[in-house]
Amino acid sequence: MAAEHHQETARLRVLVTGRVQGVSFRYYARRRAEGLGLVGWARNLQDGATVEVVAEGPRPALAQFLQLLQTGSRRASVTQVEVEWSVAEGKFQLFQIW
């Protein structure tokens, strides 16, 4: 039973602020998400300094994904991360960039 609990599917919403637009951060997020078997999307927000990421999948993979987002890609500089966990909605088939 414990193994099943660890595979609980969840939804993670992250607002990543800093130098994250124009440095391929969304593509970095997609590569990492796909590598972890996650689905969802990433998009730039209008403020020019924030990328919003929504991902669903097993909670341990999401936790690992969150760590990767906090570090950021080589060209990015992450200054702030806001995190919101919720129940997975199961609406995504793959990880998209908007």
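Since we're looking at a predicted model, the values are computed, not measured. Here, residue 1 is the first one in the sequence, and each next residue gets the next number.
Residue Val39 is grouped with residue Trp98 when hydrophobic side chains (ILVMFWY) are merged at heavy-atom distances under 4.5 angstrom, including chains of intermediate members. Linking ILVMFWY residues whenever their side-chain heavy atoms come closer than 4.5 Å, directly or via other members, leaves Leu66 and Val54 in distinct clusters.
Note that CZ of Arg31 is 7.5 Å distant from OG of Ser24, once rounded to the nearest 0.5 Å. Remark: Gln64 CD to Leu36 CG distance equals 4.5 Å, nearest 0.5 Å. From Lys91, atom NZ reaches atom CH2 of Trp41 across 12.0 Å, with rounding to the nearest 0.5 Å.
Side-chain contact between Phe65 and Leu38 is present, with at least one heavy-atom pair separated by less than 4.5 Å. At a threshold of 4.5 Å between non-hydrogen side-chain atoms, the residues Val83 and Leu12 count as touching. Residues Val51 and Leu69 are not in side-chain contact: their nearest non-hydrogen atoms beyond the backbone lie 4.5 Å or more apart. Two residues are said to be in side-chain contact when any heavy atoms from C-beta on lie closer than 4.5 Å; Phe95 and Val53 meet this criterion. At least one side-chain heavy atom of Tyr28 sits less than 4.5 Å from a side-chain heavy atom of Leu68. The side-chain heavy atoms of Val87 and Thr9, taken from C-beta on, include no pair separated by under 4.5 Å. By the 4.5 Å heavy-atom criterion applied to side chains, Arg26 and Arg30 are not counted as neighbours. Using a 4.5 Å heavy-atom cutoff, the side chains of Val81 and Leu15 are not in contact.
Annotation: cation-pi pair Arg59/Trp85 present, NZ/CZ under 6.0 Å from the ring centroid and within 45° of its normal.
Judged purely by atom type and a 3.5 angstrom limit, Glu8 has no side-chain atom pairing as donor or acceptor with the backbone of Gly57.
In terms of heavy atoms, Gln96 sits closest to Leu94 at CG-CD1, 3.5 Å. Annotation for Ala76 and Val20: closest pair CB-CG1, 4.4 Å, computed over non-hydrogen atoms.
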Run the side chain to side chain contact (heavy atoms under 4.5 Å, CB included) check on Val78 and Thr71 step by step: do they pass? CA-CA 7 Å; Val78 176; Thr71 303; over 6 Å; no

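Identified under the side-chain hydrogen bond (donor to acceptor under 3.5 Å, both in side chains) test for residues 46-58, with sequence neighbours left out: Arg11-Glu56, Arg13-Glu52, Thr17-Thr50, Arg43-Glu52, Asp47-Thr50.
Summarising the local packing, CD of Gln93 is surrounded by 12 or fewer heavy atoms from other residues, nucleotides or ligands at distances under 6.0 Å.
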